[in-house]
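Below is one structure; the comments refer to it alone.
Since the structure is predicted, the reported quantities are computational estimates derived from the model, not experimental observations.
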Amino acid sequence: MIRKFVRLSLATASSACLLASLWSCSAMNIDKASAVKASSPDSPSQASSSHPGLLAAQSHDPGAKSAPVLDNDADLEPEEMSPVPLTPGQTGTMLEPEVNGPLPPAAQQLTEEQRRILSQKTGLDFGLDLFDSQEVERYFAYYTGPARESFARWLKRAQTQLPYVRESLAKNGLPQDLAMLPFAESGYNCYAYSWAGAGGMWQFMPYTARKYGLTVDWWLDERRDPRMATEAAARYLSFLNDMFGDWYLALAAYNAGEGKISRALEATDAEDFLDLVSQNNRLNRVMRLKAETQHYVPKFVAITKIFQNLEALGFEPIDWNVAPKLETVKVPGGTDLLALAKAGGMNWEQFHQLNPAFRRLVSPPNRQVVVAIPVNKKAPMLAYLEDPSARPHAGFIAHEVTKGDSLRKLARRYHVPQEIICQVNGAAAKDLQPGTQLMVPLSSTGEAVPSSPAVVQQQRNTRRIAASRANYVVRKRDSAWSISKKFNLSVKTLVEANGLSSAKEIRPGMRLNIPDATEQATKKTRAQAARTREQVIREPVTRESAPHEQATREQVTRYTVRQGDTIYSLSRRFGVTADALRSWNKIKGTDLRAGDSIKVYQ
């Protein structure tokens with residue numbers, strides 16, 4: 001296979017500038033994907049005729065001040081996480097294990113029909129060797145066997161998005177087969193988040209999303225908007241293919257980042273993706289391709305082959321006509337979205353399913369946004385926009401200012417940043433005159449409502465009981481999200497079981513009660529403590545302590561530096577001093593480069 005990618009010397013200034021700007025991250029701390037605003041797509045018939053590919057084989061035709069962005073996107077962590085898919089009105093769900101799990105075990109013997117399907121060529125020109133074909137077979141057997149139910153659920157979920165994805169790829173001159181990437185990334189779940197913070201069905205990291213025009217802030221997460229995210233992915237894939245001239249390398253770069261693949265090619269002088277994988281062990285640990293990236297292409301190929309032969313494999317065919325008929329309208333800043341939904345006879349879950357980018361029940365103030373509304377509900381919803389005062393507020397809480405109120409107190413009470421209260425209420429929020437009414441926007445889960453005195457007392461009682469049954473001690477790098485993932489429960493359950501009003505109340509050193517897992521968690525905690533005691537007694541300290549530290553044995557965490565990281569931001573993130581970070585990693589001054597691997601002792 002001839003590769004059009006022109007190898008550039010890292011010593012040249014132009015190449016250095018290029019690679020410095022090309023940072024993306026996947027689930028392994030690598031940003032991915034550019035984003036551009038959608039324009040009018042071509043018709044389905046044009047998509048199928050102009051760019052024959054996998055989907056074409058189917059017989060169907062189907063100015064204002066920005067909102068505050070908190071450090072490390074802490075506020076962007078989903079407020080309600082669950083190990084299973086959530087209803088559309090909820091904020092987010094973790095990636096399903098079938099999406100981001102390890103390479104499946106070796107496949108059992110496939111039937112003759114399955115082998116025939118597996119041997120067919122896909123829309124892209126893949127020519128995998130025996131090793132990669134074995135991996136493709138394992139994913140093929142996995143998604144048609146043990147993970148069959150999950151794959152069927154993804155297919156059903158994808159039906160409303162596939163027609164537009166197909167149009168967007170055609171408009172950008174890309175093979176239709178690439179519509180399979182969201183299956184590999186998220187199971188076509190626009191509400192999915194990875195542990196690293198990638199979001200949406202195309203799994204963009206916040207930095208890259210903002211870099212290429214998607215808004216990711218307290219009000220909106222446009223990574224969750226299927227249309228905008230699809231346009232972003234189409235542009236990014238076009239860029240990658242132009243850069244490498246090889247779909248193997250382009251797909252690997254989509255997963256790992258173009259900078260990672262470029263540096264690996266430069267170091268190995270590999271000719272293509274398969275050659276690069278075969279030389280992977282020659283690379284140092286920082287440059288080496290992770291297993292996820294090495295398996296990404298075979299996984300994509302397996303999904304593509306399954307999709308081409310759904311009925312032959314016993315899956316239900318795709319219904320290309322299930323997508324709702326929608327019309328987009330511009331709404332002014334500060335629109336009460338819940339009231340707008342109710343004007344059309346919709347609840348929030350129904351409205352949010354059509355507009356998943358919104359993180360609040362109110363649109364951002366001082367800027368217009370586009371909202372999708374059902375064609376058959378257009379009249380009453382437009383009537384509301386003409387006269388919002390005709391309906392009571394639904395997406396706001398009305399707070400009457402009393403003596404002693406301050407922005408800080410109100411922010412803590414309603415779990416809303418002070419900047420947002422000021423942004424929504426203007427001068428009234430600065431003066432805080434008793435008797436003044438302030439409007440506080442609700443989150444998309446409706447969880448910004450302050451607690452009544454009775455609820456507060458109940459939470460205190462629950463907290464007291466939870467403390468007496470505590471079976472887990474929060475560590476430095478723990479968050480409500482990571483703890484809930486570890487013990488297979490939702491953040492909401494964890495918070496309620498411990499009498500907390502917010503997940504952000506969880507702090508290092510706090511003792512928590514893990515519900516429904518008491519015995520397991522207690523045994524695990526005790527076992528870990530016993531192992532630690534044995535190590536401290538039997539093994540000497542293996543590193544020299546910095547002058548400002550005590551000589552203790554600590555856990556080592558390795559972190560890959562991302563674009564925008566600094567010594568000071570990382571020291572705050574890991575709860576250590578900047579001097580300690582420099583000492584452990586022999587860093588002079590503030591010299592950090594994206595892609596470097598650093599050690600953190602905790």
Side-chain angles (χ1 to χ4, degrees), residues 1 44 47-49 51-62 96 98-99 101-159 162-163 165-166 169-170 174-185 187-188 246-252 255 272-274 277-278 291 294-320:
M1 182 181 296
S48 130
S49 60
H51 305 280
L54 178 144
L55 296 183
Q58 302 291 330
S59 59
H60 304 77
D61 278 335
E96 298 169 73
E98 294 83 359
V99 172
L103 179 69
Q108 296 181 349
Q109 192 71 21
L110 299 180
T111 65
E112 289 187 14
E113 177 65 10
Q114 286 177 318
R115 290 204 173 277
R116 182 191 66 77
I117 292 172
L118 192 59
S119 66
Q120 292 177 349
K121 287 181 69 67
T122 66
L124 295 177
D125 184 19
F126 284 107
L128 302 177
D129 62 15
L130 181 62
F131 172 78
D132 288 276
S133 292
Q134 289 177 348
E135 289 185 321
V136 171
E137 183 173 322
R138 287 164 76 167
Y139 278 111
F140 184 92
Y142 179 63
Y143 288 127
T144 57
R148 183 184 188 87
E149 185 177 334
S150 294
F151 196 80
R153 184 173 64 251
W154 299 351
L155 290 168
K156 188 174 182 62
R157 184 160 58 202
Q159 288 184 139
L162 274 168
V165 173
R166 176 182 180 182
L169 292 173
L174 299 175
Q176 300 283 291
D177 311 58
L178 298 180
M180 301 299 100
L181 273 182
F183 285 117
E185 288 288 332
Y188 257 94
D246 180 328
W247 276 114
Y248 285 94
L249 294 172
L251 290 174
N255 177 257
D272 53 39
F273 175 73
L274 298 178
V277 170
S278 69
Q294 297 180 64
H295 301 152
Y296 190 74
V297 172
K299 178 181 178 182
F300 168 80
V301 175
I303 290 173
T304 303
K305 287 178 178 291
I306 294 170
F307 193 89
Q308 270 187 313
N309 298 275
L310 291 177
E311 293 184 68
L313 291 167
F315 290 100
E316 290 291 322
I318 293 294
D319 183 350
W320 295 97

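With values rounded to the nearest 0.5 angstrom, Thr304 atom OG1 is found 12.0 Å from Gln176 atom CD. Going from atom OH of Tyr188 over to atom CG of Leu162 covers 4.0 Å, rounded to the nearest 0.5 Å. The distance from atom CZ of Phe273 to atom CG of Asp246, rounded to the nearest 0.5 Å, is 9.5 Å. A distance of 8.5 Å separates NZ in Lys156 from CG in Asp319, rounded to the nearest 0.5 Å. Remark: Gln114 CD to Lys305 NZ distance equals 13.0 Å, nearest 0.5 Å. Summarising the geometry, atom OH belonging to Tyr142 is positioned 11.0 Å from atom CD1 belonging to Ile303; distances are rounded to the nearest 0.5 Å.
Cation-pi geometry between Arg148 and Phe315 is satisfied (NZ or CZ under 6.0 Å from the ring centre, within 45° of the ring normal).
Between Asp272 and Leu249 the shortest heavy-atom distance is C-CD2, 4.1 Å. Closest heavy-atom contact between Pro317 and Glu311: CB-OE2, 3.8 Å. Considering all non-hydrogen atoms of both residues, Ala312 and Ile117 come closest at CB-CD1, 4.0 Å. Of all the heavy atoms in Ala141 and Leu110, the pair that sits closest is CB-CD2, 3.9 Å. Taking every heavy atom of both residues into account, Glu135 and Leu103 meet most closely at OE2-CD2, 4.1 Å. The shortest heavy-atom contact between Ala184 and Val99 is O-CG1, 3.5 Å.
A donor-acceptor pair is defined here as one N or O able to donate and one able to accept, closer than 3.5 Å; such a pair exists between the side chain of Arg157 and the backbone of Gly187.
Side chains of Trp154 and Glu98: no donor on one and acceptor on the other come within 3.5 Å.
Aromatic ring pairs are classed by plane angle as parallel below 30°, tilted from 30° to 60° and perpendicular above 60°; the pair Phe151 and Tyr143 is tilted.
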(message) Could you go through Leu251 and Leu181, starting from their C-alpha distance and side-chain angles, then the distance that decides it, and tell me whether this counts as side chain to side chain contact (heavy atoms under 4.5 Å, CB included)?
(response) CA-CA 9 Å; Leu251 290 174; Leu181 273 182; 4.0 Å; yes
(request) Could you walk me through whether Leu155 and Phe183 pass side chain to side chain contact (heavy atoms under 4.5 Å, CB included), step by step? (result) CA-CA 8 Å; Leu155 290 168; Phe183 285 117; 3.8 Å; yes
(request) Take Ile318 and Phe307 through the test side chain to side chain contact (heavy atoms under 4.5 Å, CB included) and record every step on the way to the result. (result) CA-CA 9 Å; Ile318 293 294; Phe307 193 89; 3.6 Å; yes
(request) Verify side chain to side chain contact (heavy atoms under 4.5 Å, CB included) between Leu178 and Phe300, making sure each step is shown before the conclusion. (result) CA-CA 9 Å; Leu178 298 180; Phe300 168 80; 4.1 Å; yes
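More than 12 heavy atoms of other shown residues, nucleotides or ligands fall within 6.0 angstrom of atom CD in Glu113.
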